[in-house]
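Below, each value reflects all heavy atoms present in this structure, side chains not excepted, and no hydrogens, waters or symmetry copies.
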Amino acid sequence: MMDLIFGVIFLMSMSFIGEGFWFMFYYGLILTFFSLIKVSFSWEFLSLGYGLAEDLLSYSLVSLSFWVCFLMILASFVIYKEKFFSELFLFFVMFLLLSLILTFCSLNLFIFYLFFEISLIPTLFLIIGWGNQPERISAGVYLFFYTLLMSLPMMVALFYLYSKYLSMEFIFFSVEESIFLYLCLNMVFFVKIPLFIVHLWLPKAHVEAPISGSMILAGIMLKLGGYGLMRVMKMFISSSGLIMNMIFIFISLVGGLIISLVCVRQSDMKMLIAYSSVSHMGLVVSGVLSLSVWGMAGGLLLMLAHGLSSSGLFCLANFLYERSGSRSFYLNKGMMNIFPSLALWWFLLCSSNMSAPPSLNLLGEIVLIFSIFNFYSGFFMILLMLVFFSAVYSLFLFSFTQHGALSSSMFSMYQISLREFLLVFLHWVPLNIMFLKSEAFSLWV
C-alpha cells in the first residue's frame, strides 16, 4: 500500500519541475498499472500496515481513482498548452489522489473521516481556480458548505462511539437503536452521493467546474458517499435502522424519478449529465440501504460503471464546448456532419449511460433492481419508470447533439485529436471489459 502512496507523493514533488506534464501522465499510467496488479478479490483486509489495508471494495475504488485522475491530466491538455498554472494544477490532482487513496484504504473511522474532508479542498481549488464562469465561486461555496455542514455531526458521532466502545476501527457490530446517531453518521454520505433534496450543490459544481473537476466529481467524489455508506451501514442492522432505510430508499427512488424528468427538459449538456448522476446514484443508495448481498454487490458495480460512463460523457461534452464555446443543445446540433467518427463514441457512451449491453451499467442496474424489489415489491413501478426515463434522456442527449441542422457558427471547427480519441477509448473499454469478469465484484460482500 505504501509503495502507491510514496509514488503519488513523489509525483506531487515532481509537479513543479519544468515541463513535467507528459512525464506525470506516463509515470501515472505506470502507477495505475501497479495499483491494478495489487488484486485483492477478498472480503478480508489484505496488505495490512500503518492502519491501512485493502479489501475488494477498497481495491476497486482505489484503481478507479488512479484511472480517472490520470485521465483528468490527459483531458486537461489545454491548461498545459496555455501555460495556465499547469504545475499547480498537477499538484492539486496528485494531492486529491493521495487523499482518496488514504480515504479508501483507512481502517480507522477518524482517519477515514479526516481524509474524506481533506479531499474537498483540492476539488474546491480545481473548481475555483480553473473553472470557466464567474459563478464558480458560488458553486465552490455550495460544495464546501453542504459537505461541511453535514460533516460536523458525523465528527461528534465518532467521538461518541469512541467514548462508548473505546475503538475507532471499522466496527462489525450493531450500535444501539438511535435515529439521531443514524442521521449524524450517514447524512454526510447522503450529501456526498448526493441524495435527492441535498443534491443542489452537484449540478452547480459540475457546470462551473473545468473538465478535470467534472471528471473527478462524477468519477470519484460521488463514490466516497457510497463507500462510506457501505462501511457504516452494517452498524444499523436493527429495526429502527431498517425503518430509516425504508424512508431514505423511498426518497432516493422518487427523487431519482423526478430528476429523470428534469433531465428530459434540460438545454445544457453538462447539466443533463450532472442530473443523470443524481438519478443513477439514487439506485445505488437504495441498493446499499436494502442491506442485502445483492444490493451491496450491485452498488459497487454501478458505482464503478457510473464513474467511467459519466466521466466519459463529460469529456465528450467538453470536446464540443472547447470548439463551440457553448454547452447549449441549440448550438451543438448536427455534430454527426462535422465529426462523424465522434458520433460513434457519443453513441457508445450514451448507450452505456442508459444501461444497454454489454456495459457494466446493465449488470449493476439489474442486480440493484432485484435487491430493491426483494426489499419491498411496492417499488416496482418506480423502478420501471426510472429505467425507462434513463433511456429517454440518454437518447435525447445523443439525438439532439448528433442530428439536426447545423448552426452557421460551426463551420470553422478544428478536428478531434488523437489525444481526445484516446481519452474516450480509455473510458469505454474498461467499462465494457469489466463486464466479462463481473462476478469477482461480489466477492467482498
Side-chain angles (χ1 to χ4, degrees), residues 12 15 65 68-69 72-73 75-76 78-79 82 84-100 103 113-155 187-225 228 259 266 268-278 281 307 310-311 313-315 317-318 321-322 325-327:
M12 281 173 72
S15 57
S65 302
V68 172
C69 280
M72 278 165 64
I73 295 174
S76 305
V78 173
I79 293 172
E82 294 178 357
F84 186 47
F85 300 101
S86 59
E87 293 90 355
L88 203 58
F89 170 80
L90 292 170
F91 173 78
F92 278 124
V93 172
M94 290 302 110
F95 181 38
L96 180 56
L97 179 56
L98 181 65
S99 64
L100 288 169
T103 305
Y113 167 79
L114 184 70
F115 286 102
F116 181 89
E117 293 305 316
I118 285 174
S119 64
L120 190 67
I121 297 164
T123 314
L124 185 71
F125 278 115
L126 284 175
I127 291 172
I128 292 176
W130 288 271
N132 298 312
Q133 274 79 28
E135 294 86 23
R136 65 185 185 272
I137 308 293
S138 64
V141 169
Y142 251 60
L143 166 71
F144 202 70
F145 280 98
Y146 257 92
T147 312
L148 217 57
L149 185 68
M150 292 302 182
S151 66
L152 291 173
M154 186 185 176
M155 187 165 67
M187 276 312 289
V188 66
F189 302 133
F190 289 142
V191 167
K192 204 73 168 181
I193 264 186
L195 187 73
F196 181 70
I197 299 171
V198 284
H199 70 282
L200 291 173
W201 64 270
L202 183 77
K204 207 171 175 59
H206 268 309
V207 168
E208 305 308 328
I211 176 59
S212 54
S214 291
M215 285 172 71
I216 200 69
L217 275 169
I220 310 295
M221 300 305 280
L222 307 189
K223 313 304 171 278
L224 279 173
I259 291 293
Q266 285 300 322
D268 183 319
M269 287 186 294
K270 275 185 99 170
M271 196 72 96
L272 188 148
I273 303 163
Y275 271 120
S276 76
S277 295
V278 181
M281 295 311 284
S310 190
S311 175
L313 281 171
F314 276 116
C315 289
N318 187 64
Y321 175 68
E322 284 177 353
S326 169
R327 297 186 309 264

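For Phe125, the CZ atom sits in a loose shell: 12 or fewer heavy atoms of surrounding residues, nucleotides or ligands are nearer than 6.0 Å.
Interatomic distance, CE of Met281 versus NE2 of His199, reported as 14.5 Å (0.5 Å rounding). How far CD1 of Ile137 is from CD of Glu208: 10.0 Å, rounded to the nearest 0.5 Å. Summarising the geometry, atom CE belonging to Met12 is positioned 9.5 Å from atom CZ belonging to Phe92; distances are rounded to the nearest 0.5 Å. To the nearest 0.5 Å, the span separating NZ on Lys270 from OG on Ser214 amounts to 3.0 Å. From Leu98, atom CG reaches atom OG of Ser119 across 11.0 Å, with rounding to the nearest 0.5 Å. Atom CD1 of Ile211 sits about 12.0 Å away from atom CG of Leu126, to the nearest 0.5 Å.
His206 and Phe314 have parallel rings, their planes meeting at less than 30° on a 0 to 90° scale where 60° marks the start of perpendicular. Using cut-offs of 30° and 60° on the angle between ring planes, the pair Trp130 and Phe84 is perpendicular.
In this structure, Met221 and Leu100 approach most closely via the heavy-atom pair SD-CD2, 4.3 Å. Across all their heavy atoms, Thr103 and Ser99 have their closest contact at OG1-O, 2.6 Å. Looking at every heavy atom in both residues, Ile273 comes nearest to Ala317 through CD1-CB, 4.0 Å. Minimum heavy-atom separation, Val93 to Cys69: CG1-O, 3.9 Å. Between Met271 and Pro203, the shortest heavy-atom contact is SD-CB, 3.5 Å. The heavy-atom pair separating Ala274 from Leu202 by the smallest distance is O-CD2, 3.7 Å.
Looking at Ser15 and Phe89, their side chains never come closer than 4.5 Å, going by heavy atoms from C-beta outward. When side chains are defined from C-beta on, Asn318 counts as touching Glu322, because their heavy atoms get closer than 4.5 Å.
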For Glu117 and Thr147, run side-chain contact (heavy atoms from CB on, under 4.5 Å): C-alpha distance rounded to whole Å, both residues' side-chain angles, the deciding distance at 0.1 Å, then the answer. CA-CA 8 Å; Glu117 293 305 316; Thr147 312; 4.1 Å; yes

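Remark: Tyr146 pairs with Tyr142, Val191, Val198, Leu200, Trp201 by the side chain to side chain contact (heavy atoms under 4.5 Å, CB included) rule, at least two apart or across chains.
In this structure, the side chain of Lys223 engages the main chain of Ala218 through a donor-acceptor pair within 3.5 Å.
Aromatic ring centres of Phe116 and Phe189: separated by under 6.0 Å.
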